[in-house]
Structure formats: structure tokens, C-alpha cells
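Please read the structure below before turning to the comments.
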Amino acid sequence: MNGCAPGAGDRGAVCVREARALPAMPALHDAVGQLRAAVDALGAGAPPPAPSGIIRIEVPIRQRVDAVEWLHAQSALPRCFFSARAPLPDAPALAGGNGNGGLGDRWKEPVSVAGVGSAVFFRGTEPFSLADWRAIKRFLSRDCPLIRAYGAIRFDATSDASVEWEDYGSFYFIVPQVEFNELEESSVLAATIAWDDSLSWTWHNAVDDLQSLLQKISPCSVEVNTSSLHTTIMSLNHVPTKASWDLAVTKALQMIKERQRELVKVVLARCSRYITDTCIDPVELLACLKVEGQNAYQFCIQPLNAPAFVGNSPEQLFHRKYLNISSEALAGTRARGKTRADDFQIGQDLLLSSKEDTEFTIVRDSIKKKLEMICDEVVVHPSKALRKLPRVQHLSAQLAARIRNEDDEFEILNTLHPSPAVCGLPTEEARHFIRDYEIFDRGMYAGPVGWFGGAESEFAVGIRSALLGKGHSTLVYAGAGIVEGTNPSFEWDELDLKASQFAKLLRYQEQHIRYQEAENMGTVI
């Protein structure tokens, strides 16, 4: 059922929005059996009198099971995964409380969520609109905070989609039919039923479809190898090439210097196509990324019969909890040092670099101004600090704000994306340059990736990401900010650094490629 049918956003909330908890089970196997029995009982009983609704049935499990390992055991599509980022130290606080309207936290926040099937999906070919947001929110409720729609939005929905991205549309979200929540000390297995007679999807359609999927759900989890992907690269090529990259960066610098179109910054990206001798399993790649991703968001979105979009993004677009909003500025990049002293010196060089400070200040000040257009209060703290990740370090700033009404959430999303960190400034001038000079489709790369909920929503920026094709092809994306003082070759090296979390999983095969290139030139390394 596509919840974004014409006019759906104007129909108001579905009639029933419920969450039902069953008794806790000692293990995953027991929870699967109990969930199947509960859904069978619903199917055998009288249908609800309401013409539309959504019901989540959940079974607590008295042990913590890894959500990636649960997903690895499942074969059904579509599927999704989203892992929360560890809380950052020194995040700014607002003076007026938590903005929750007097409601306390009544649920345990998942560490990671994995889901298969779609109780309802939301897909469109036009840019994501207020009507589309309302169509999603019809199925969400403050009283059922774990009913969430997971998905992604294109970086630029006004540009034409390439064949590898066409199954995603301009946006793609799902409320999973079967969902696994990994908590700090336990787990939850849940099933969701959604129906809407006006969308030609009845209660009986929804129950029958869920029963069929539950019969395919594995009652166990499968351990995943997190050290390598055991595949050989047959070929690798970059779009653009190094020569084309240099030309595009030089043109951008010329326009910035001459103040053409008032361009101050533009972010250019690279798409690297790896052809491997075997298909890379998206869940295995996800597991490898998760090992070093404590300070990042891991995600996987895969529609039916489509490639999988997988990433490990360090950058938050925004998080809303009731009326409170958090966001961040992230720009400037350096490698981590091999020793503690080396790492400290590299970090200091990043903090003191005038070029990196220019790029970072553009991003931070732009996000602050955008938040001030919508929010009553905006706090920035710290205004500039180092964010250290396993392979790279960035300049960062944390921002906190409060919206006047929860319905302002769409404006927050629509205003913050795209940020200068992935597009440039001014936004339209930078976007126009990208359309003219990038010769590949970004798709969901650098777009919002995350979830909408009734009480809370959270989106990362879809960077440090890859698209795993149906065959042996994997596309790895990386971008770099171009401002006055940029060196094209340094930025090309930065692309390699940002893509290294993918490349390192294929490190032995990369040596093979270098040997083959040298051999073709009649040279032996």
C-alpha cells in the first residue's frame, strides 16, 4: 500500500493507531512463535469496524540480540536498518526544559532497528512535499512512538534519476511489517498491520500479507563476519576522472574568485564503481561499517527488487524530540594520526587552517540562520571543536533550537536540506553548478536518511555511503567542499580518505588492481 496516493495527505489521521505488548519471551525463537500466533488470532477474529488504521504488536525478549545479525538471517524485501549514534559530549541545552509538553519518556529508545516488508510504504516521483509529509504522519502517533517510517530522500529531486536509483523515486519510506529493535539490555520483535480502505488495502489484505511474511521470518539470528567482505575487485573506475575533477574544481574556484552567481562554496562529489567477482551482501557490508561506527549513523535502505543504499554517516541533519531540535555543522577534514602526538598535531593544524575555517564557518552560520527562521531559540555550543572519528577528524559545532509547533517539522527538514556541507552556498547557485558539472546522479547520496515518528524524528545526512547493485557492481560516493584557497589535488586525496572505510574492506584486492595497472604498462612492482 502506497500511503502517498493523491490526496492522502488531506485525509487526516487513520482511525486506529495502537501499540499492543504481549508477554515477554526468553529468546528470539519463542518471540517469533508468539507473534505468529497473535497475528493468526487477529485474522481469525472479526475485523475492526474502522476503515483505516495501524496496529503494532510487540513481543519483548529478555536478552539482547544484535539487530544486524537478525537482519542477516532474513531474506525478505524491502528491508531497512537504522542505528542511533552515540550521544555527543557537551551538546547544548535549552533553558526552557525538554519541550515535551509535560510528557515523560515512556519507551526505551532502540540502539538499532532492522525491518523487513512494508506495512505501508511512501514513494513519489515529485519532490518531497508537505502533502507527502502529512501522508506519512497520518499513520504515526505520540502514543505509539515506535511506529516509525524509515527511508531516504533524493539529494536533488528536481534532477533526473539514473537507472540505478529509479526504484527509490524522489523519496522512499517504509513502516516495516516485521521489525526487530535492539535495546541496551534486551530486544523487541514487532509486527505492524496497516490498512486503509480508501487506498484499496483492506484489513484482510493487510493480515493475509503479514501472515505470509511471518512464515518466512527466521526464528534465529546469523553471525556476520565483520573483518572483510571476501571478494576480489575486477575493476575500479572513478566518475569524474582525476583530470575532469581538476577542471571542475578549477572552474568552481574561478567562479568563487570572480563572485559569479555570488558563489561562495560548492561541494563536488565522486562516484567510484567497483566491479567484484562476487556479489557483496549489503548486510555484511553494514556489519563491517558498524564495527567502527560508534560515533556515526549506520543505515541500509533497500526497496523491493532494487539495489541497497548503505552508509555510515557521521553527520546529523536534525533530531526532533517533541518541540526540541538538534542539528550540527560538520566541515573540514584531516586524517587521524598514527600516534597520539601526531594525531594532536594534525587536529591543531585543522583548527588553525584558514581555508578549513572558512568552509566550516559558512556551514555553521548558514544552519544557524536557517534555524532562526523557524525556531524561537537557537543555541550554538561549542561554536568550533574537533570531531574525531576512527579514520578522519572534522571541525564541528552543535546547535539546539525549539520549534513553536510539532507541525513545523517539515519546514525544518525542507529548510536544512541541503546544507552547505553537502551542497554549497548560496544553495541554488551551488545546486546549479552541481547540475552543470557533476556527470553522475547522486540519488540518495547526501540526501536526508532516517525516520519519522509521532513523538520524535531523526535524520542523518546520507554521506559516507554506497549503492550495492543487483549484480557485481558497487558504487561508493564521497564529496569535498570547494572554497577560496582549495587545492584540487588535496581535495581528491580527501575523497580517497572519506571513501577509505569502504576501500579498507577490499585492501588486498586494491593491491591486485595496482599490480594489474602496472603490468599493463609493462612494469612490475
Side-chain angles (χ1 to χ4, degrees), residues 68 71-72 74-82 114 116 118 121 123 125 150-157 159-174 224-225 228-241 269-290 298-313 438-447 449 462-479 495 498-507 509-510 512-513:
V68 173
L71 189 60
H72 195 226
Q74 314 307 323
S75 59
L77 294 176
R79 59 184 168 185
C80 66
F81 179 91
F82 193 84
V116 295
S118 63
F121 71 92
R123 180 186 181 276
T125 55
Y150 297 87
I153 301 172
R154 276 180 67 82
F155 168 77
D156 183 359
S159 63
D160 294 333
S162 57
V163 62
E164 65 264 23
W165 287 106
E166 61 185 4
D167 292 308
Y168 285 79
S170 293
F171 59 90
Y172 180 81
F173 289 88
I174 61 170
V224 191
N225 174 34
S228 70
L229 295 172
H230 300 297
T231 189
T232 300
I233 301 174
M234 307 306 292
S235 67
L236 165 63
N237 73 290
H238 301 302
V239 179
T241 62
R270 184 182 76 186
C271 174
S272 302
R273 183 181 294 271
Y274 291 83
I275 305 296
T276 53
D277 64 338
T278 60
C279 296
I280 297 176
D281 184 332
V283 181
E284 291 183 3
L285 173 58
L286 184 68
C288 292
L289 295 175
K290 198 168 183 288
Q298 294 81 47
F299 59 84
C300 175
I301 307 292
Q302 187 172 18
L304 188 66
N305 299 320
F309 183 44
V310 180
N312 186 39
S313 173
E438 274 190 6
I439 53 177
F440 66 92
D441 177 21
R442 289 192 182 192
M444 269 58 182
Y445 164 70
V449 182
I463 56 175
R464 315 292 155 83
S465 52
L467 188 70
L468 279 68
K470 303 171 188 176
H472 295 184
S473 174
T474 298
L475 304 178
V476 175
Y477 300 91
L495 299 178
K498 289 176 176 176
S500 65
Q501 61 183 313
F502 296 96
K504 65 111 178 181
L505 300 173
L506 308 163
R507 55 190 180 276
Q509 290 73 26
E510 286 191 322
H512 171 77
I513 283 181

Polar contact flag, side-chain donor to acceptor under 3.5 angstrom, [X]-[Y]:
{"X": "S473", "Y": "R273", "result": "yes"}
{"X": "H238", "Y": "S272", "result": "yes"}
{"X": "S159", "Y": "R154", "result": "yes"}
{"X": "D277", "Y": "H472", "result": "no"}
{"X": "Q501", "Y": "N312", "result": "yes"}
{"X": "T278", "Y": "T231", "result": "yes"}

For [X] against [Y], the heavy-atom pair lying closest together:
{"X": "V116", "Y": "A76", "result": "CG1-O, 3.8 Å"}
{"X": "I301", "Y": "G151", "result": "CD1-CA, 3.8 Å"}
{"X": "M444", "Y": "Y172", "result": "CE-N, 4.4 Å"}
{"X": "G479", "Y": "K498", "result": "O-NZ, 2.8 Å"}
{"X": "A466", "Y": "Y477", "result": "CA-CD1, 4.2 Å"}
{"X": "P240", "Y": "F440", "result": "CD-CE2, 4.5 Å"}

request  = Take L289 and V310 through the side chain to side chain contact (heavy atoms under 4.5 Å, CB included) test and state the conclusion after the steps.
outcome  = CA-CA 9 Å; L289 295 175; V310 180; 3.9 Å; yes
Does the side chain of [Y] come within less than 4.5 Å of [X]'s, by heavy atoms?
{"X": "V68", "Y": "V283", "answer": "yes"}
{"X": "N237", "Y": "Y274", "answer": "no"}
{"X": "L468", "Y": "L285", "answer": "yes"}
{"X": "E164", "Y": "L475", "answer": "yes"}
{"X": "S465", "Y": "F299", "answer": "yes"}
{"X": "P303", "Y": "Y168", "answer": "yes"}
{"X": "V449", "Y": "S313", "answer": "no"}
{"X": "L304", "Y": "F121", "answer": "no"}

query = Considering the options Y150, F81, W165, which one meets the ring pair (Phe, Tyr, Trp, His ring centres under 6.0 Å) requirement together with F309?
reply = W165
[atom1]-[atom2] distance between [X] and [Y], expressed to the nearest 0.5 angstrom:
{"X": "T232", "Y": "I275", "atom1": "OG1", "atom2": "CD1", "result": "13.5 Å"}
{"X": "Q74", "Y": "L77", "atom1": "CD", "atom2": "CG", "result": "11.5 Å"}
{"X": "L71", "Y": "L286", "atom1": "CG", "atom2": "CG", "result": "7.5 Å"}
{"X": "L467", "Y": "S162", "atom1": "CG", "atom2": "OG", "result": "8.5 Å"}
{"X": "D156", "Y": "Y445", "atom1": "CG", "atom2": "OH", "result": "14.0 Å"}
{"X": "S500", "Y": "R464", "atom1": "OG", "atom2": "CZ", "result": "9.0 Å"}

key: Verdict with reasoning, E284 to L229, per side chain to side chain contact (heavy atoms under 4.5 Å, CB included)   = CA-CA 7 Å; E284 291 183 3; L229 295 172; 4.2 Å; yes
message = Please check this pair: side chain of R123 against backbone of D167, looking for a donor-acceptor N/O pair closer than 3.5 Å.
response = yes
task = Decide yes or no on side chain to side chain contact (heavy atoms under 4.5 Å, CB included) for R79 and I174, but give the supporting numbers first.
result = CA-CA 9 Å; R79 59 184 168 185; I174 61 170; over 6 Å; no
ask   = Given I439 and V239, is the side chain to side chain contact (heavy atoms under 4.5 Å, CB included) satisfied, shown in steps?
value = CA-CA 7 Å; I439 53 177; V239 179; 3.6 Å; yes
